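In what follows, chains carry the letters A, B, and so on, assigned in the order in which the sequence lines appear, proteins first and then strands, with residues in each chain numbered from 1. What you are looking at is a predicted structure, and each value in this text was computed from that prediction instead of being measured. The basis for the numbers below is simple: all heavy atoms, side chains too, and nothing from hydrogens, waters or symmetry mates.
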There are 2 protein chains.
Amino acid sequence: MADTGQGSKKKRKTGAPERMDIRTIARFANVSIATVSRTINRVPTVNPKIAKRVWEVIEELDYFPNTQARALVSGRSWILGLIVSEITNPFFPELIQGFEDIAVEHGYEILVSSTNHDPKRMSHCIRRMLERKVDGVAVMTFGIEAPLLEQLAQRKVPLVFIDVGPDGPGINVLKVDYRHGIRQGVQHLAALGHRKIAFLRGPMGLHSAQSRLDAFSESMRECGITPDPAWILQGEHTLEGGMAAMQQLLAAKNMPTAVMCSNDMTAIGVLHTMYRAGLRVPDDLSVIGFDNIHMAEVTIPPLTTVQMSRFDLARAAVTALRACAEATEKPTQKREYSIQTDLVVRESTGFPKGTMKELRKKRPAKK
Amino acid sequence: MADTGQGSKKKRKTGAPERMDIRTIARFANVSIATVSRTINRVPTVNPKIAKRVWEVIEELDYFPNTQARALVSGRSWILGLIVSEITNPFFPELIQGFEDIAVEHGYEILVSSTNHDPKRMSHCIRRMLERKVDGVAVMTFGIEAPLLEQLAQRKVPLVFIDVGPDGPGINVLKVDYRHGIRQGVQHLAALGHRKIAFLRGPMGLHSAQSRLDAFSESMRECGITPDPAWILQGEHTLEGGMAAMQQLLAAKNMPTAVMCSNDMTAIGVLHTMYRAGLRVPDDLSVIGFDNIHMAEVTIPPLTTVQMSRFDLARAAVTALRACAEATEKPTQKREYSIQTDLVVRESTGFPKGTMKELRKKRPAKK
DNA sequence: CTGAAAGCGCTAACAA
DNA sequence: TTGTTAGCGCTTTCAG
């Protein structure tokens with residue numbers, strides 16, 4: 001009777017814990033729902049004494065606001081989307097972890113999707129994110145098709161890409177300096193005496209794969225070596241791709257003395273194929289990877305690879321997205337985010353076979 | 001004027017694409033919003049002709065319903081939570097992938113969180129899921145602390161656990177038959193002539209880790225071998241844990257001839273430590289893993305391991321959650337979900353050193 | 001079979 | 001500084 005008239009739709013047992021909403025808090029704290037809302041949102045004009053009382057009730061009743069309602073009215077979901085190529089490539093979980101940590105730290109939830117390089121899936125992904133009204137999307141696929149991209153851009157969701165992306169308001173691009181790490185890799189190889197260096201590239205059409213290859217070719221020329229097109233093969237960024245490419249190399253008459261891979265998975269595939277062939281790394285072939293996934297420390301032998309910080313990548317992505325999402329009108333001047341790469345030398349690289357054999361480094365038996 | 005009276009809050013330029021909501025669709029299709037809603041939700045009583053018209057308008061305008069609003073009123077978010085221990089252990093991404101695929105297939109979005117075995121994180125995770133009003137949570141951590149669990153259970157969210165969990169309505173447990181695969185592993189080892197078999201267990205307190213160890217001990221006894229407590233070490237389910245444990249084993253006077261690991265990461269750590277020590281697998285030590293992650297195919301040597309299907313796990317989890325979430329009142333009789341495990345023999349296992357040397361299998365040089 | 005209208009829980013004007 | 005109130009976009013009785 002004294003009820004405000006809201007439908008007592010369900011049972012209403014005595015003492016039964018009633019619907020936990022902002023109204024309940026308001027009633028218990030003897031204030032209006034507006035005040036509760038303001039308290040929760042830390043609007044500074046709330047009387048501290050009252051705020052304290054409200055917080056106490058909130059604690060007491062273990063209340064938390066309904067995200068859906070909040071999102072509905074405010075237009076912000078506090079969800080950030082993250083699209084990756086393949087969650088099963090260890091590079092990405094490490095990235096996702098960082099992204100989650102940083103996003104959560106700032107009050108966001110994340111929606112992760114793996115496209116497996118399938119445009120259909122990618123499209124579906126984007127659609128799902130749009131439906132969930134994400135406040136921004138990080139497209140960490142190292143490449144994306146133009147049409148899909150438009151699908152996103154047109155809805156004017158803040159976006160962040162790696163390497164390349166269209167220009168526009170709310171669109172950010174994280175520039176990765178592949179050159180630095182890859183050049184170090186090539187120079188490292190050259191310094192050891194390698195001239196016959198193959199490159200196992202990533203998928204065609206992937207922008208980052210192309211960038212890595214370009215960085216390789218250029219670095220080679222810097223070192224006075226002309227890259228041989230016959231030694232540029234498809235590694236597909238997968239274990240299987242690496243194995244297949246290495247088999248091709250093995251089958252050819254002219255073998256390189258070193259191979260650089262577009263990512264660590266490919267390199268691990270190479271290592272395995274060498275093992276299968278009864279050949280030794282680095283004695284018979286030097287191998288360099290790219291990414292420096294955790295596993296690279298324990299491959300046999302441990303992998304020399306180019307490190308790209310997933311944490312930096314994650315942080316830059318979240319930062320960029322937040323900057324857009326939380327921008328107060330002003331189209332903040334676009335910040336440049338740049339990610340460094342660096343060579344990590346382990347034990348999969350050595351002198352080319354037959355040369356300077358006398359100098360060949362003895363590997364210590366124990367760590 | 002003829003307007004329904006809704007605030008024309010913002011600009012209203014002629015021809016400017018107006019707010020895309022259910023009302024717009026209703027207007028274009030000349031029906032009420034209720035009819036549009038029914039059409040979208042495929043309520044069978046809608047006149048097919050009208051439905052068709054509505055769908056056309058929807059297509060035309062590329063409309064999709066606002067998930068937040070829908071969730072707010074219906075009380076269902078169509079989001080499933082997935083809590084895993086460590087996303088950086090390759091077992092989990094493979095699981096997540098399956099979970100995502102199956103969930104999306106049924107119209108759900110997923111919220112993944114990685115706890116890193118940290119109870120604080122786990123608690124925070126659960127809180128976040130509750131706040132987002134998930135329709136169910138799959139706790140795939142292979143172990144969980146009781147208090148946290150209550151936090152979830154009390155909110156009566158449908159839950160699914162692995163191995164063990166509290167009893168209650170809406171709480172499901174996926175039973176994994178560790179015994180089968182592990183017994184096969186022990187028998188395989190025993191058949192090769194091993195009697196000195198170590199076990200590298202997972203984290204203390206992790207229920208599944210205990211189950212795996214129990215299965216091991218029991219299988220050993222079945223084979224007439226008494227497991228030696230000195231050979232049961234902590235592998236922690238990590239690369240580093242595996243390496244450390246193996247080093248301990250190496251330092252001890254009495255070496256086992258084989259070691260079973262509680263997961264593949266541990267086994268890979270073992271492989272690496274053996275390599276570091278200049279010892280060979282399986283010649284000097286046989287190694288068996290658990291999980292059969294993709295990478296296990298390309299370790300050096302390829303890992304003999306116990307396979308547990310992440311896909312089955314994922315499917316069972318989603319199925320169980322859906323059954324609860326979509327249950328129409330009736331507390332559906334609890335279904336039993338059971339997951340099989342099986343040994344996959346590769347090349348990390350062989351005859352124990354010194355015995356039956358003459359029989360030692362020649363490994364083919366090529367695949 | 002269809003439409004009108006009452007909210008879902010919350011935020012944000014606008015008043016007081 | 002606080003309260004009142006009008007929606008956010010949708011589902012769902014309840015009439016027609």
- [ ] Consider only side-chain N and O atoms of A:Asp118 and A:Thr115, and report whether a donor and an acceptor are under 3.5 Å apart.
- [x]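 Judged by distance alone, the side chains do not pair up.
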
Task: Side-chain donor-acceptor pair present, B:Asn41, B:Arg70, cut-off under 3.5 Å - done: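 Short answer, yes.
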
Atom-pair distance ([atom1] on [X]; [atom2] on [N]), nearest Å:
| X | N | atom1 | atom2 | value |
| --- | --- | --- | --- | --- |
| A:Lys133 | C:dC10 | NZ | P | 20 Å |
| B:Arg76 | D:dT12 | CZ | P | 11 Å |
| B:Arg23 | D:dT11 | CZ | C1' | 12 Å |
| A:Ile25 | D:dG3 | CD1 | P | 15 Å |
| B:Asp21 | D:dG7 | CG | C1' | 12 Å |
| A:Ile22 | D:dT4 | CD1 | C1' | 14 Å |

TODO: Taking all non-hydrogen atoms of both residues into account, name the closest pair between B:Arg132 and B:Ile79 and its distance.
DONE: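 The answer is O-CD1, 4.5 Å.
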
Task: Residue pair B:Val84 / B:Ile96: nearest heavy atoms and the distance that separates them - done: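 Shortest heavy-atom separation between B:Val84 and B:Ile96 comes out as CG1-CG1, 4.4 Å.
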
Under the rule for side chain to side chain donor-acceptor pair (under 3.5 Å), what residues qualify as partners of [X], not counting sequence neighbours?
| X | result |
| --- | --- |
| B:Ser85 | none |
| A:Glu100 | B:Ser113 |
| A:Thr35 | A:Ser32 |
| A:Ser123 | none |

Task: Divergence of helical axes at both termini of the helix from C:dC1-D:dG16 to C:dA16-D:dT1 - five pairs an end, 10° steps - done: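 That helix has its two terminal axes inclined by roughly 40°.
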
- [ ] Quick one: list whatever passes salt bridge (Lys or Arg N to Asp or Glu O under 4.0 Å) with B:Arg310, sequence neighbours left out.
- [x]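 B:Arg310 satisfies salt bridge (Lys or Arg N to Asp or Glu O under 4.0 Å) with B:Glu94 once adjacent residues are dropped.
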
- [ ] Identify, residue by residue, the members of residues 29-37 of chain B with a heavy atom below 4.0 Å from DNA chain D, and return them in order of residue number, or none.
- [x]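 The stretch gives B:Ile33, B:Ala34, B:Ser37 as the residues lying under 4.0 Å from the strand, ordered by number.
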
Open item on the list: At a heavy-atom distance below 4.0 Å, what parts of residues 39-48 of chain A sit against DNA chain D?
Closed with: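 A:Thr45, A:Val46, A:Asn47 - these, ordered by number, are the residues of the stretch whose heavy atoms sit under 4.0 Å from the strand.
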
Open item on the list: Using the side chain to side chain contact (heavy atoms under 4.5 Å, CB included) definition, which of the options A:Leu80, A:Leu321, A:Val157 pairs with A:Val134?
Closed with: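 When side chain to side chain contact (heavy atoms under 4.5 Å, CB included) is applied between A:Val134 and each of A:Leu80, A:Leu321, A:Val157, only A:Val157 qualifies.
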
Open item on the list: Listing request: all ring pair (Phe, Tyr, Trp, His ring centres under 6.0 Å) pairs with a residue in residues 68-88 of chain A, at least two apart in sequence or in separate chains.
Closed with: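 Applying ring pair (Phe, Tyr, Trp, His ring centres under 6.0 Å) to every pair that reaches into residues 68-88 of chain A, excluding sequence neighbours, yields A:Trp78-A:Tyr108.
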
Open item on the list: Does this structure show an ion pair linking B:Asp101 with A:Arg121, if we count only N-O contacts that are shorter than 4.0 Å?
Closed with: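 Salt bridge present between B:Asp101 and A:Arg121.
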
Open item on the list: Any salt bridge linking A:Arg127 with B:Asp62? Criterion: basic side-chain nitrogen under 4.0 Å from a carboxylate oxygen.
Closed with: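 Judged by the 4.0 Å cut-off on N to carboxylate O distance, A:Arg127 and B:Asp62 do form a salt bridge.
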
Going by heavy atoms in the side chains, are [X] and [Y] under 4.5 Å from each other?
| X | Y | answer |
| --- | --- | --- |
| B:Gln97 | A:Asn116 | yes |
| A:Leu82 | A:Leu111 | no |
| B:Tyr337 | B:Asp312 | no |
| A:Leu61 | A:Thr24 | yes |

Show each protein N/O and nucleotides 14-16 of chain D N/O combination with a separation under 3.5 Å, one pair to a line.
none

TODO: Mind running a 4.0 Å heavy-atom check of residues 52-59 of chain B against DNA chain C and sending the residues that fall below it, in number order?
DONE: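 Here the set is empty: none.
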
Task: Positions of residues 61-73 of chain B (non-hydrogen atom under 4.0 Å from DNA chain C), listed by number - done: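 Contacting residues: B:Leu72, B:Val73.
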
Open item on the list: Could you measure the distance from the CG atom of A:Leu95 to the CD1 atom of A:Ile87? Nearest 0.5 Å is fine.
Closed with: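 CD1 of A:Ile87 is found 10.5 Å from CG of A:Leu95.
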
- [ ] May I ask you to evaluate whether B:Arg19 reaches the phosphate of D:dC8, defined as a side-chain N or O under 4.0 Å from OP1 or OP2?
- [x]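 Yes.
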
